[in-house]
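Report on one structure; see the data block that follows.
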Amino acid sequence: PFVRRRIVNVCSRAGRLHQVAPPLQAAFTSPHLTQDGVLVLADQFVDDVAHMRHREHGWSDTMYGVSKLGAIALTRVQAREYAGDGVAVLACCPGYCVTDMTSQKGNKTAAEGADTPVWLAVGLDDNTAARTSGAFFGERQELQW
């Protein structure tokens, strides 16, 4: 039977690491970060926004971007945690798609945006998936986070 042991998290280039200050970059990329740790960072952001101190604490102004940053960090954590089970965990950006979310202003159709997530789920060979588990992709290419 055709079985791929993959988790594909659909994220966004808006979640790039450079949007937060170096201390937060270090926290999000720590090899010791856990799933609970990602939640702690997300809660810290929400609290900092609520108290209007997010900028002084090194966060960006975009909730969407920080949520996607957290999703990419979670991908990396899950890749470490599930590696022993033979599960590849990958993140990707579908691109700027013509959808209601973009007010129909994207430059890709939804079908074109689905190409990379579907390719990661079922088209990428198992050896490459295992080797790149935890990576971030767009247009079928590994991207720098």
Side-chain angles (χ1 to χ4, degrees), residues 4-124 126 128-145:
R4 297 269 194 233
R5 295 177 55 86
R6 312 265 170 88
I7 297 170
V8 178
N9 293 323
V10 179
C11 301
S12 171
R13 285 177 177 88
R16 290 281 176 83
L17 194 58
H18 66 80
Q19 71 181 293
V20 295
L24 288 169
Q25 291 176 18
F28 277 106
T29 59
S30 169
H32 306 292
L33 185 63
T34 62
Q35 292 190 53
D36 286 343
V38 173
L39 293 175
V40 167
L41 287 165
D43 287 342
Q44 179 185 340
F45 173 68
V46 170
D47 187 62
D48 284 346
V49 168
H51 292 95
M52 300 180 72
R53 60 179 182 233
H54 62 286
R55 294 295 288 164
E56 73 183 73
H57 288 179
W59 299 99
S60 71
D61 285 327
T62 167
M63 290 189 185
Y64 179 79
V66 173
S67 74
K68 297 306 179 180
L69 172 70
I72 296 168
L74 182 63
T75 298
R76 294 166 54 98
V77 169
Q78 290 174 331
R80 276 196 327 266
E81 291 181 357
Y82 302 146
D85 296 326
V87 176
V89 187
L90 305 152
C92 66
C93 177
Y96 190 47
C97 297
V98 179
T99 63
D100 289 345
M101 184 175 156
T102 65
S103 301
Q104 309 304 319
K105 294 180 182 168
N107 57 14
K108 286 182 163 185
T109 66
E112 291 168 333
D115 178 71
T116 295
V118 170
W119 174 72
L120 290 171
V122 298
L124 188 65
D126 289 338
T128 303
R131 181 178 47 77
T132 60
S133 188
F136 179 55
F137 286 82
E139 289 77 39
R140 295 190 180 197
Q141 300 293 316
E142 187 172 349
L143 302 175
Q144 189 69 29
W145 180 34

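When every heavy atom of Ala79 is checked against every heavy atom of Ser133, the shortest pair comes out as CB-OG, 3.3 Å. Nearest approach of Ala73 to Leu33, heavy atoms of both residues: CB-CD2, 4.2 Å. Among all heavy-atom pairs drawn from Thr34 and Glu81, the shortest one is CA-OE2, 4.3 Å. Between Pro94 and Val10, the shortest heavy-atom distance links the atoms CD-CG1, 3.7 Å. Closest approach of Cys92 and Thr116 over heavy atoms only: CB-CG2, 3.9 Å. The two residues Leu74 and Gln35 make their nearest non-hydrogen contact at CD1-CG, 3.6 Å.
Looking at Gln78, its side chain never comes within 3.5 Å of a backbone N or O of Val89 through a donor-acceptor pair. With hydrogens and angles disregarded, a donor-acceptor distance shorter than 3.5 Å links the side chain of Ser67 to the backbone of Tyr64. When atom types are taken as modelled, the side chain of Ser12 and the backbone of Gly15 share no donor-acceptor pair closer than 3.5 angstrom. For the pair Arg6 (side chain) and Leu120 (backbone), a donor-acceptor distance under 3.5 Å is present. Thr102 places a side-chain N or O within 3.5 Å of a backbone atom of Thr99 that can act as its donor or acceptor partner. Using a distance-only test at 3.5 Å, with no hydrogens or angles considered, no donor-acceptor pair links the side chain of Thr132 to the main chain of Ala135. In this structure, Gln141 contributes its side chain and Gly138 its backbone to no donor-acceptor pair below 3.5 Å. With hydrogens and angles disregarded, a donor-acceptor distance shorter than 3.5 Å links the side chain of Arg16 to the backbone of Gln144. Formation of a donor-acceptor pair under 3.5 Å by the Ser103 side chain with backbone atoms of Lys105 is not found in this model. Checked by atom type and distance alone, the side chain of Ser60 never pairs as donor or acceptor with a backbone atom of Val20 at under 3.5 Å.
Salt bridge annotation for Asp126-Arg131: absent, with no cationic side-chain nitrogen under 4.0 angstrom from a carboxylate oxygen. The residues Arg13 and Glu139 are annotated as salt-bridged, a charged nitrogen and a carboxylate oxygen being separated by less than 4.0 angstrom. Here Lys108 does not pair with Asp115 in a salt bridge; the nearest charged N to carboxylate O distance is not below 4.0 Å.
The CG atom of Leu69 sits 4.5 Å away from atom CZ of Phe28, with the distance rounded to the nearest 0.5 Å. Note that CD of Gln44 is 12.5 Å distant from CG of Leu39, once rounded to the nearest 0.5 Å. With rounding to the nearest 0.5 Å, the separation of CG in Asp48 from CZ in Arg53 is 4.5 Å. Interatomic distance, CD of Glu56 versus NE2 of His54, reported as 10.0 Å (0.5 Å rounding). Going from atom CG of Leu17 over to atom OG1 of Thr29 covers 6.0 Å, rounded to the nearest 0.5 Å. Here the straight-line distance linking atom SG of Cys11 with atom CG of Leu143 works out to 11.0 Å at 0.5 Å rounding.
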What do the steps show when you test Val8 against Val118 for side chain to side chain contact (heavy atoms under 4.5 Å, CB included), and what is the final call? CA-CA 9 Å; Val8 178; Val118 170; over 6 Å; no
What's the verdict on side chain to side chain contact (heavy atoms under 4.5 Å, CB included) for Val49 and Trp59, showing C-alpha distance, side-chain angles and the deciding distance? CA-CA 9 Å; Val49 168; Trp59 299 99; over 6 Å; no
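In summary, the aromatic rings of Phe136 and Trp145 are positioned with their centroids too far apart to meet the 6.0 Å limit.
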